[in-house]
Amino acid sequence: MASTQHALLSPAELAYLHASLSLTPPIRPDGRAANQFRPLAAETGILPGTNGSARICFADGTEAIVGVKAEVERTRRGDGGREDGVEYVSSRLEGDFVEGVSSGEGAIAAVDEADRVGESEWVELSVEIPGARDDDAGTVFLAAMLAEALLAGGEFAKKLWINRRFHWKLYLDILLISPPLSYPLPLLSLTTHLALLATRLPRLKSEGDEDPFFDDDWAAAPYLYARKDGKATARPPVSLLVMAVGNNIIFDPSKEELAVADVALAVSVGEETATTTAAEADEAQQQQQPLGRNLRLLSVRTIDPPSRLTPPGVPNATNSAYGAATTQKQPEARAAESEAVEGVWKAPRGGAKALVMAALVQKALMRGGVADEVLDALDAVDLVA
Amino acid sequence: MKFPLGSSSLNWMYGRGRQSAAIRNLETHNPTSTSHPESDSDLLHTADSYSSIMAIPSLSFSRPTFAKLSPHPYLLTNLSPQSPSTKPSRTNGRAPHEARPVQIHTSSLSHAHGSALVRSGNTTVVCGVRAEILPVTNIPQYRPRSSLQPSTTASDEAADRAELKAYDLLVPNIELATGCAPQFLPGVPPSTLAQTLSTRVYSLLHSCGVVDPKSLRIWHDPSAEAKKTTGEGDASMQDDNDDDESEAEPPQLMAYWVLYIDLLFVSFDGNPFDAAWTAVMAALRDTKLPEARWDPDREMAICSRTRKNPLDVSRGGLPVACTAAVFQEKEYAEAGGLAGENRHWVLLDPDRLEESLCRETVTMVVDCGGVGGETRIRSIEKQGGTVIGRELMRGFAGVAEKRWREVRDAMQ
Amino acid sequence: MTDRRRVNGPVGSTNPPVFEDEPEQEFGAQKGIRTRTPTATRKMYLKTGVTPSASGSAYLEIEASRKGAVSGLKLSCTVHGPRSLPRSTPFSPHIILSTHVKYAPFATKQRRGYIRDPTERDLGSHLETALRGAIIADRWPKSGVDIIISIVEGDHDRETSKSQGGEAWDMMNALSGCITVASAALADAGIDCVDTVAGGVAALVRDEGDDTTPRIVIDPIPSEHEQILAACCVAYLPDRDEITNLWFKGDLPASDMELYSQLVEKGIQASRNSNEVIVNSLLISTREQQPHERHDGTTRMHIAFNLQR
Amino acid sequence: MPLDTSAYGLALLRVDGRRWNELRRMHVQIRTQAAADGSSYLEMGHTKVMCVVTGPSEPGPRRGGLGGTASGGGASSAQSKDAEVAVSIVVAGFSSVDRKRPGRGDKRILELQSTISSALAASLHTHLFPHSTISISLHVLSQDGSLLAALINAATLACVDAGIPMTDYVVACTAGSTSTYAANDEAADPLLDLNHQEEQELPGLTVATLGQSDRVAVLVCESRVQVSRLEGMLAVGVDGCKQVREILDRVVRDKGHRMLLEGTVERGVGLDDMEVD
Amino acid sequence: MAATSSSATIAIPGQLLGPASKFQPGPGTHIHESNLYSSLLGLVHVNQPTKAPGPVKRLNKITPAPPPAELPTISVSRSAVSDKRETLPEVGNTVLCRVIRITPRQAVVAILICGETVLDAEWQGLIRVQDVRATEKDRVKIYESFRPGDIVRAEVVSFLSPTLPFTRRFYADAAY
């Protein structure tokens with residue numbers, strides 16, 4: 001698991017960290033508030049060679065770069081028992097795998113716009129973590145999580161539709177530049193979000209199902225996520241990392257904080273796409289100011305908290321340094337099964353209550369919650385493509 | 001239960017010439033010494049109990065302990081009991097020539113065209129046959145067949161086999177790395193054993209001519225297209241090919257069925273080949289291919305959902321593999337040693353323990369299903385020893401026949 | 001480049017059979033509507049100790065819902081260990097868990113390769129998360145345990161035309177099955193667990209027909225519903241009332257969390273059902289343990305529990 | 001489209017409008033990343049690379065290696081008397097014009113890694129850090145020729161930023177020749193700093209020198225070229241390296257002064273020493 | 001169920017055995033919220049204070065400083081459930097092992113049997129030269145005492161990191 005990189009903390013440190021994080025309000029090592037993200041510096045359009053790119057540096061120095069590249073690809077037909085194009089199309093609606101990651105149901109796409117459909121294979125997402133093989137379980141898990149959120153609802157793949165015979169093949173290359181000091185999910189997710197917002201595809205000049213040719217004027221190229229007066233109407237999803245310690249819910253935890261988590265979740269949030277007709281659109285516009293965004297919950301995954309793999313502390317009762325009889329006879333007696341001793345670190349067992357997990361998600365999604373803040377912050381980033 | 005350890009077989013503890021070592025070890029040892037827990041940094045401390053091993057005349061160990069410590073003498077003492085009254089039996093309670101009962105369940109997998117689950121003792125293997133279509137256009141070195149007539153002569157039969165092999169229409173693969181036994185953990189390339197098993201099955205499939213290539217061909221018959229009976233399949237194609245020779249344009253061969261035969265060991269307890277081969281046979285007999293007709297304008301074979309034809313495996317008969325291992329009295333037979341001065345037992349259908357202790361194994365593939373029920377030996381493989389000679393082999397043929405009937409009955 | 005260590009078959013590419021469309025009524029007949037009540041799981045068969053040479057093992061089968069159309073789930077799980085770690089690995093105060101999920105080549109519609117694809121790796125990491133919460137890791141310092149699951153038959157719809165989205169959700173069904181069978185195998189292997197963890201799936205579905213209001217069903221079969229809006233798979237410890245792994249996918253308005261928590265609630269209910277199966281089969285297998293009996297794995301394969309209620 | 005080498009003869013200008021001994025625009029940043037011990041960002045024309053240096057650090061389970069116990073070459077360096085310079089290069093899928101996924105263990109990448117590793121190991125005072133590892137991870141964001149040169153320069157800068165003692169900068173650039181091997185004319189002029197297109201068509205070599213000295217640290221020539229031209233190319237290359245060093249040196253000094261002003265480092269002897277060359 | 005029930009009771013992981021105030025946690029149990037739960041599939045045993053734990057039971061924990069002796073120990077043993085009882089070699093256990101290789105300093109052995117339990121997995125152990133016997137340790141020669149293949153009965157005097165090289169042990173200890 002990606003998250004279970006051994007944080008080299010002694011049981012004493014762990015116990016202290018856990019205690020301070022369990023206080024109300026929690027005291028975090030870097031002095032952040034419980035629901036405060038690491039400050040970040042972001043820029044987009046850093047790579048002219050790509051259709052869209054973004055770079056984000058978190059204050060703690062972790063840095064990621066995402067590049068999006070699109071290529072025209074002929075749409076495969078008639079594989080796996082489909083006869084004519086229509087049958088093929090309709091059968092493809094529900095999407096299937098990107099790198100084996102399930103895409104969520106695209107059937108919604110079918111109902112409103114029957115002729116345009118997307119396939120999840122049209123998106124290829126790869127994650128590069130320094131010092132990790134790309135088939136490493138953790139890397140696969142990250143890629144799966146990001147793709148899962150991106151493709152949920154099938155709306156995204158639909159954007160890549162050119163005509164019945166051709167589509168865009170979108171390659172997302174996600175690079176973690178810095179050594180992964182913390183679990184990189186939030187960083188990678190935010191960077192991907194920006195890169196996709198900045199992504200533009202050449203304007204299509206051909207009509208119908210003929211072989212497509214495009215306007216080579218880059219300025220005329222439309223954004224993948226359509227803009228209304230410089231503001232994207234729909235937005236890519238973001239994945240947030242949330243963890244619970246004691247009674248506290250902590251967002252965007254650092255590696256050390258994650259090492260004492262009782263439970264950690266990755267929550268992927270999308271934003272409701274602006275509705276089609278103009279009337280509803282500006283109605284939605286008005287609504288957005290008072291009501292804030294109307295978010296969608298796209299995916300939730302449990303992150304295996306590394307706390308389970310931390311070494312347990314030894315209570316004074318059994319610590320030979322404090323002259324406990326038993327331990328002198330058996331110097332390396334393993335920790336006895338005993339009640340949790342106050343202030344002595346013990347790796348958590350079991351899982352988390354359903355209510356706690358629900359609270360984590362709730363906290364992330366609620367109006368004016370962290371998801372809102374993050375999206376607002378990302379809005380502030382001006383997009384150069 | 002306890003397992004008495006007679007003085008006769010006391011040497012089990014040290015195996016070959018280890019006695020001296022043990023004695024010396026005993027001398028250097030002070031019986032009165034006690035373990036010193038203070039010396040905490042060490043794992044082990046040879047306790048005085050060592051001498052007690054020697055001291056106690058009738059030292060006894062539980063069966064599993066004995067088996068673990070020294071498997072070979074353990075099996076040996078089982079096979080050659082002290083008292084003549086008790087007849088020799090193996091550690092698994094079977095008689096030397098007794099095989100494990102075979103159970104076969106077929107067509108349990110719905111995604112495969114044919115499947116079988118074969119269980120003999122604790123060896124369990126699942127076999128799934130999946131057919132895919134190989135258009136002749138995809139075959140690089142494709143040579144159109146001269147004669148379209150159903151092949152009858154021996155030469156044609158030979159040609160058929162050549163066809164099967166040339167186009168690789170049979171693809172057997174054996175997966176052992178499923179954790180079916182502690183030594184087969186996944187995430188590793190196929191072990192040598194897995195590779196040899198796969199190739200053995202592969203060659204045996206071809207040498208026995210189990211599958212009739214006729215049933216793997218997919219034809220296109222324009223005239224049949226004319227009189228449109230939906231879903232013109234290969235078999236029926238053959239028929240009306242026979243009855244009216246005077247067709248305007250002859251049907252031509254458009255594609256082949258390729259049979260992917262995948263074997264998965266769920267549980268492994270020795271003698272994998274017999275189980276695997278039985279599974280392959282059972283699965284092939286269970287295989288039903290959908291009727292396929294060539295669609296010229298879409299240039300692909302279209303299959304019928306409903307009509308299926310069973311795969312024709314009649315020609316190959318029913319070859320059954322029967323494996324035995326030779327267990328020798330002396331664990332380490334000195335190079336020049338003749339079989340005579342070294343008692344041996346032929347253990348049919350060996351399990352994991354026995355396989356680990358036997359070096360010589362023999363596999364005989366027999367088919368008693370021929371006309372008049374006479375036995376035909378389809379293949380013999382024998383490695384790792386010199387014990388089994390001509391007469392033993394002849395006797396073994398009898399054993400194999402018995403085994404054949406067991407398997408045949410299980411197949412029904 | 002071809003793998004020389006396997007029999008690779010023809011060089012030319014082969015295609016899975018393409019079926020012609022059948023007349024409509026027959027097509028309709030094959031397409032299923034959920035007959036179970038929304039809170040009913042399919043029948044399960046669970047048996048431990050199917051692989052005697054392993055430290056622990058279990059076999060799980062979920063009945064095929066409708067004859068022919070949808071295949072049931074067939075899982076075989078073996079547990080090896082606790083065993084000593086290889087000398088190279090550094091000291092660990094805990095048991096080191098390694099999970100491995102692999103589809104058999106004939107388990108699904110498309111023939112699977114022998115190298116694990118990202119789906120299987122993803123399933124593996126989900127499973128690891130689910131189990132790590134359940135086991136008491138510090139009972140076995142510096143030892144390791146391998147948990148290997150072979151999906152002999154995936155929970156797949158054979159209808160090529162209908163079930164394209166299926167795999168997405170079938171993956172969840174597979175995961176919950178994996179969790180359940182692995183939990184039984186762990187208990188069989190005698191590895192300390194805080195509880196018998198079990199998996200369960202619930203989904204928010206919209207059926208076709210007059211009533212298209214979304215409803216929540218447990219143990220969903222994609223092809224039985226017009227559309228699946230969201231689904232979640234939970235790994236749940238009944239006695240502790242705790243969740244060790246939660247996996248939600250879909251598209252829900254954030255405005256009503258109610259729907260979400262209901263979904264999780266149903267998932268828990270589903271896992272309670274499968275947990276009953278684990279407990280029963282463990283108790284039965286424990287009662288029937290006789291030394292001689294244990295050695296023939298050929299005693300009847302399944303014990304059936306009817307969970308309809 | 002094929003590079004029209006004859007065009008050069010007329011205007012004495014290359015396809016991208018440069019003269020024969022002209023470097024492409026170099027944009028260099030140092031200390032781009034707070035987290036790393038040393039980091040740098042370097043553009044040579046459209047070739048853009050990033051470098052992150054961690055260490056000298058204790059070998060063993062590599063820092064940041066996912067999945068816990070991934071011991072990256074620790075064993076080898078554990079015994080060695082000198083620090084091990086471990087270089088890892090990640091070529092982004094979007095770096096080249098048409099997007100391609102480089103397979104794991106790409107031979108070319110491996111060769112680049114070993115070249116850079118050995119080149120730096122020569123210049124860095126590795127003997128000061130026995131039993132430790134200096135891990136240099138390079139990211140290629142965009143390629144337009146002279147990749148190896150760019151990588152070496154970036155790595156050098158990052159090492160400077162990381163404060164690893166070294167004898168002098170290892171600076172590199174490429175040199176080529178105006179006409180192809182086939183067109184066997186002796187009048188061919190040497191070229192400096194090839195871009196992708198020129199690399200494809202013309203003979204070229206990569207040369208790295210130790211700072212201002214003429215001592216060549218790396219010389220890689222992977223194309224056929226007449227020996228007679230080689231000397232000219234080499235001379236131009238070495239001269240180019242001097243230019244590159246000037247650029248890098250300026251960047252380092254500017255950064256140093258800025259940090260001084262910001263007070264991120266307190267004025268010390270070290271900085272003054274840098275004034276006297 | 002009440003933990004005082006007969007020893008024939010089958011316990012499954014997570015089953016409540018009784019309050020921690022009334023029982024000592026034995027092998028195969030764990031404490032959760034001051035209650036004792038089973039952590040194994042097996043039979044429940046209640047040992048009255050005079051406990052003689054043969055290595056048959058998984059003695060994989062040492063009860064802390066002199067326990068309130070009057071409390072009965074409750075434990076879950078797999079002995080009746082399965083013959084495959086994997087046990088960790090435990091300090092004080094008597095084990096049977098086979099010598100794999102020898103060096104002047106120590107003999108490396110594979111532990112085959114721990115107490116009465118036949119081990120599936122092979123745990124590795126060291127017999128160091130100074131532990132072959134108690135007296136005249138300096139005179140002991142490993143190669144005179146053992147040969148590869150010998151079966152040795154020995155007692156475990158230390159558990160931590162037998163499979164690790166000596167230097168690693170510091171790290172191992174530091175982890176506690």
Side-chain angles (χ1 to χ4, degrees), chain A residues 1-8 41 46-53 55 57-63 65-71 124 126-142 169-184 195 255 306 309, chain D residues 31-41 43 46-55 57-58 60-73 86 88-105 133 135-144 158 196:
Chain A
M1 262 312 303
S3 61
T4 61
Q5 20 178 320
H6 295 296
L8 297 173
I46 54 168
L47 299 170
T50 62
N51 293 62
S53 57
R55 164 164 175 256
C57 296
F58 273 163
D60 66 358
T62 51
E63 175 180 17
I65 288 184
V66 173
V68 183
K69 238 177 156 58
E71 293 174 2
E124 188 177 312
S126 75
V127 175
E128 275 281 358
I129 307 288
R133 298 164 45 83
D134 55 1
D135 60 354
D136 176 290
T139 318
V140 169
F141 193 78
L142 277 171
K169 171 102 181 182
L170 210 65
Y171 298 93
L172 281 86
D173 290 287
I174 303 174
L175 272 69
L176 185 65
I177 300 292
S178 62
L181 303 173
S182 57
Y183 190 51
K255 181 181 174 187
L309 293 180
Chain D
R31 182 152 305 188
T32 53
Q33 196 187 104
D37 301 336
S39 57
S40 67
Y41 172 77
E43 293 181 13
H46 288 118
T47 303
K48 308 180 179 182
V49 296
M50 275 189 131
C51 181
V52 171
V53 170
T54 32
S57 59
E58 165 190 34
R62 194 185 307 152
R63 181 170 154 203
L66 291 190
T69 64
S71 60
S88 79
I89 300 178
V90 175
V91 179
F94 48 75
S95 63
S96 48
V97 178
D98 50 353
R99 193 264 182 200
K100 69 175 73 69
R101 189 108 199 79
R104 286 277 136 193
T133 306
S135 59
I136 301 173
S137 91
L138 288 149
H139 294 262
V140 180
L141 303 181
S142 158
Q143 326 187 37
D144 182 22
H196 178 70

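- Heavy atoms of A:Ile174 lying under 4.5 Å from chain D are absent altogether.
- Looking at heavy atoms from C-beta onward, A:Leu176 lies out of side-chain contact with A:Glu128 at the 4.5 angstrom threshold.
- Panel note: side chain D:Asp144, backbone D:Thr47; no donor-acceptor pair is recorded below 3.5 Å.
- Put simply, the side chain of D:Val140 reaches to within 4.5 Å of the side chain of D:Ile89, judged on heavy atoms.
- One distance of note links CG of D:Leu141 with NE2 of D:His139; it measures 8.0 Å at 0.5 Å rounding.
- Of the atoms belonging to A:Leu175, it is side-chain heavy atoms, and not backbone ones, that fall under 4.5 Å from chain D.
- Contact annotation for A:Thr50: only side-chain heavy atoms (C-beta onward) come within less than 4.5 Å of a heavy atom of chain D.
- For D:Ser95, no part sits under 4.5 Å from any heavy atom of chain A, backbone or side chain.
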